[in-house]
Student: 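After the structure tokens below, expect a handful of questions from me.
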Amino acid sequence: MSERELVAAGGFVVLFALMLIRVPIGVAMGLVGIGGFGLTVGWSPALNLLATSPLRTVTDFNLTLIPFFILMGVLATRSGMSRELFRAANATLGSLRGGLGLATVGACAGFAAICGSSVATAATMTNIAHPEMKKAGYPDDVSTGVIAAGGTLGILIPPSVVLAVYAYITEQDVGKLFIAGIVPGILAILMYMATVRLWYGRKLPAGTPFSLPEALRAMSGVWAVTLLFAAVILAIYFGVATATEASAVGAVLTALIGIARGRLGVRSLLDSLVEALRTSVAIYTILIGAILFGYFLAVTQVPQNLTAFLIGLDLGSYGTLALIMLLFLVMGCFLDAMAMIILMVPIVFPVILEMGFDPIWFGVIVVMTVELGLITPPVGMNVFVINTIAKDVSLVTIFRGVLPFVVTDVIRLIILIALPWIVLFLPQTMG
């Protein structure tokens with residue numbers, strides 16, 4: 001083993017050791033990146049890198065869509081749009097057996113279209129949907145399982161912050177990635193709803209019929225969400241605006257709608273800005289650490305060595321892909337979605353290109369794999385968020401309720417790996 005390979009191996013050992021003692025992953029990657037780069041290339045270049053790289057990252061125009069989309073989601077939540085989505089979905093589906101569960105999936109999908117965060121979607125819907133399902137007699141495992149699974153739509157249905165980060169790391173067109181997530185997102189919604197009906201149907205209470213005037217009144221409340229989704233996603237699809245420009249328009253439009261409806265005052269706007277700033281800073285910290293760690297990977301040639309190793313196994317392209325997906329699933333048991341994307345994608349992406357897979361397709365596939373990590377033990381970020389809010393429901397109960405949706409996710413993943421055109425045909429029609 002060469003000196004550089006020893007430094008690379010030692011770097012990963014130190015990285016995981018730092019994560020085990022709960023050092024934030026962005027800080028851990030930054031420390032290992034600078035330390036490894038210094039040992040390999042020299043401390044003067046390493047310190048120069050530390051001085052310039054963070055500044056380049058925070059001033060990168062292509063990354064400004066992240067804080068804008070986060071702000072858009074925060075403003076939408078404070079404007080009450082999430083509650084309107086649930087009310088409209090319940091008016092449409094609530095008369096069916098298990099209608100509240102179906103409505104929760106629909107509301108999660110609608111909120112994901114203006115939020116871009118899985119954790120935020122799960123937290124918001126726990127506050128709104130869980131009390132309603134509990135009141136209607138839904139078992140705790142069913143109600144929390146539906147919310148946890150529905151929350152994962154937040155990182156797949158555009159605008160997705162995780163897809164935006166993937167685009168930045170791999171230098172792909174973020175607009176194409178957003179559009180590529182639409183059809184898989186619709187497939188996820190339909191399959192989750194089918195799971196609610198087929199797996200839990202008999203143990204769920206009968207629905208509550210809505211009168212036509214009530215249904216129309218509830219449906220009329222979602223015009224704001226429809227307008228926002230159209231303004232952002234259709235502008236990207238038809239080439240009217242870039243993803244960054246569309247994110248700014250979406251944030252401003254959300255604020256204007258909230259103010260016009262009397263739901264956002266000065267205090268609410270300031271609180272929303274602070275909340276969005278905190279979340280954005282956390283993401284930027286991880287990104288800066290990942291970029292510094294990426295320089296360390298480059299000089300120690302970890303991606304190149306991994307590519308040579310996996311090709312040498314002679315598993316074929318899909319066998320190699322299966323091995324990479326398995327690695328993501330295992331890592332998902334210990335890392336959250338953003339950390340997994342930022343840590344793993346720079347390492348495995350050269351392998352994907354070498355195998356001839358489409359990078360846009362792989363972005364959607366890897367985000368779907370990351371979704372599984374959000375609802376599987378021992379980390380299951382969505383599950384822990386729900387447990388924090390619904391304190392009377394145990395983690396074991398939530399994980400039990402999520403199990404059928406894990407099976408559904410695996411089936412969906414297999415379908416999209418076998419039929420990549422489902423992911424790619426919409427981006428190919430973009431203006």
Side-chain angles (χ1 to χ4, degrees), residues 101-102 104-106 108-109 112-113 118 121 145-146 148-158 160 162-163 166 170 172 176-201 233 237 315-333 337 340-341 344-345 348-349 351-353 355-376 382 401-430:
L102 301 177
T104 300
V105 174
C108 284
S118 175
T121 303
V146 169
T152 63
L153 296 171
I155 63 170
L156 179 60
I157 295 177
S160 164
V162 173
L163 276 176
Y166 171 89
T170 58
Q172 298 302 308
K176 285 187 175 181
L177 277 162
F178 281 174
I179 301 304
I182 293 176
V183 176
I186 293 171
L187 181 63
I189 296 164
L190 296 175
M191 291 182 72
Y192 283 165
M193 287 185 174
T195 303
V196 172
R197 290 283 291 172
L198 298 176
W199 193 292
Y200 289 121
I233 301 304
Y237 179 76
L315 298 174
S317 56
Y318 282 96
T320 304
L321 178 67
L323 191 61
I324 290 171
M325 292 297 99
L326 182 62
L327 180 61
F328 270 97
L329 287 173
V330 172
M331 296 296 288
C333 294
M340 205 178 350
I341 289 287
M344 297 300 299
V345 166
V348 303
F349 189 68
V351 182
I352 294 301
L353 294 180
M355 291 292 165
F357 291 114
D358 188 283
I360 299 292
W361 170 82
F362 180 69
V364 173
I365 293 298
V366 80
V367 165
M368 286 174 51
T369 309
V370 165
E371 281 182 352
L372 281 167
L374 293 169
I375 55 176
T376 52
N382 279 13
V402 143
L403 182 60
F405 298 99
V406 172
V407 175
T408 300
D409 277 346
V410 172
I411 294 171
R412 178 163 50 100
L413 194 59
I414 292 170
I415 290 171
L416 294 181
I417 289 174
L419 303 171
W421 62 265
I422 296 175
V423 177
L424 295 173
F425 86 91
L426 204 54
Q428 290 169 354
T429 64
M430 287 176 66

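Hydrogens, waters and symmetry mates play no part in the numbers below; they use all other heavy atoms, side chains included. Keep in mind that what you see is a predicted model, and the values were worked out from it rather than measured.
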Student: Are F349 and Q172 packed together at the side-chain level, in the sense that at least one heavy-atom pair is separated by less than 4.5 angstrom?
Tutor: yes
Student: Return a table of donor-acceptor pairs under 3.5 angstrom between the side chains of residues 355-362 and protein atoms on other chains or two or more places apart.
Tutor:
| from | atom 1 | to | atom 2 | distance (Å) |
| --- | --- | --- | --- | --- |
| D358 | OD1 | I360 | N | 2.8 |
| D358 | OD1 | W361 | N | 3.1 |
| W361 | NE1 | L416 | O | 3.0 |

Student: Apply side-chain contact (heavy atoms from CB on, under 4.5 Å) to F328 and L372, showing your working.
Tutor: CA-CA 9 Å; F328 270 97; L372 281 167; over 6 Å; no
Student: Taking side-chain hydrogen bond (donor to acceptor under 3.5 Å, both in side chains) as the test, write out the residues that go with T195, two or more places apart.
Tutor: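 Here the qualifying residues are T408.
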Student: Would you check, one step at a time, whether the test side-chain contact (heavy atoms from CB on, under 4.5 Å) holds for L419 with I422?
Tutor: CA-CA 6 Å; L419 303 171; I422 296 175; 3.8 Å; yes
Student: After noting the C-alpha distance and the side-chain angles of M325 and I365, does the key distance pass the side-chain contact (heavy atoms from CB on, under 4.5 Å) rule?
Tutor: CA-CA 9 Å; M325 292 297 99; I365 293 298; 3.6 Å; yes
Student: I'd like to know if the side chain of Q428 reaches the main chain of L426, judged simply by a donor and an acceptor atom lying under 3.5 Å from each other, with no hydrogens or angles considered.
Tutor: no
Student: Walk me through whether F405 and V146 qualify under side-chain contact (heavy atoms from CB on, under 4.5 Å).
Tutor: CA-CA 8 Å; F405 298 99; V146 169; 3.8 Å; yes
Student: How far apart are the closest heavy atoms of V423 and P184, and which atoms are they?
Tutor: CG2-CG, 3.9 Å
Student: How long is the span from the CG atom in L102 to the CZ atom in R197, to the nearest 0.5 Å?
Tutor: 6.5 Å
Student: Check whether any side-chain heavy atom of P158 lies under 4.5 Å from a side-chain heavy atom of I179, and answer yes or no.
Tutor: no
Student: Quick check: closest heavy atoms across S160 and F178, and the distance to 0.1 Å?
Tutor: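 Here S160 and F178 meet closest at O-CE2, 3.3 Å.
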Student: Quick test of your reading: applying salt bridge (charged side-chain N to carboxylate O under 4.0 Å, His left out), list the pairs with at least one residue in residues 410-424, sequence neighbours left out, ordered by first then second residue.
Tutor: E371-R412, D409-R412
Student: Could you name each residue pair satisfying salt bridge (charged side-chain N to carboxylate O under 4.0 Å, His left out) that touches residues 315-325, not counting sequence neighbours?
Tutor: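 For residues 315-325, and leaving out neighbouring residues, there are no salt bridge (charged side-chain N to carboxylate O under 4.0 Å, His left out) pairs at all.
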Student: For I375 and A148, work out which heavy atoms get closest and say how close.
Tutor: CG2-O, 3.5 Å
Student: Using a 4.5 Å cut-off on heavy atoms from C-beta on, say whether the side chain of I189 contacts that of I157.
Tutor: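 Yes - at least one pair of side-chain heavy atoms lies under 4.5 Å apart.
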Student: Side chains of I417 and Y318: closer than 4.5 Å at any heavy-atom pair?
Tutor: yes
Student: Taking the side chain as every heavy atom from C-beta outward, state whether L153 and T121 have any atom pair closer than 4.5 Å.
Tutor: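 The answer is no; the side chains never approach within 4.5 Å.
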Student: Which pair of heavy atoms, one from G106 and one from M193, lies closest together, and at what distance?
Tutor: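 That would be N-CE, 3.9 Å.
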Student: Which atoms form the tightest heavy-atom contact between I155 and V367, and what is the distance?
Tutor: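 In terms of heavy atoms, the two residues are closest at O-CG1, 3.1 Å.
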Student: Sequence neighbours excluded, which residues qualify as side-chain hydrogen bond (donor to acceptor under 3.5 Å, both in side chains) partners of S118?
Tutor: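 So S118 forms a side-chain hydrogen bond (donor to acceptor under 3.5 Å, both in side chains) with N382.
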Student: What pairs with T152 under side-chain hydrogen bond (donor to acceptor under 3.5 Å, both in side chains), at least two apart in sequence or on another chain?
Tutor: Y192
Student: How far apart are the closest heavy atoms of I324 and I352, and which atoms are they?
Tutor: CD1-CD1, 3.8 Å
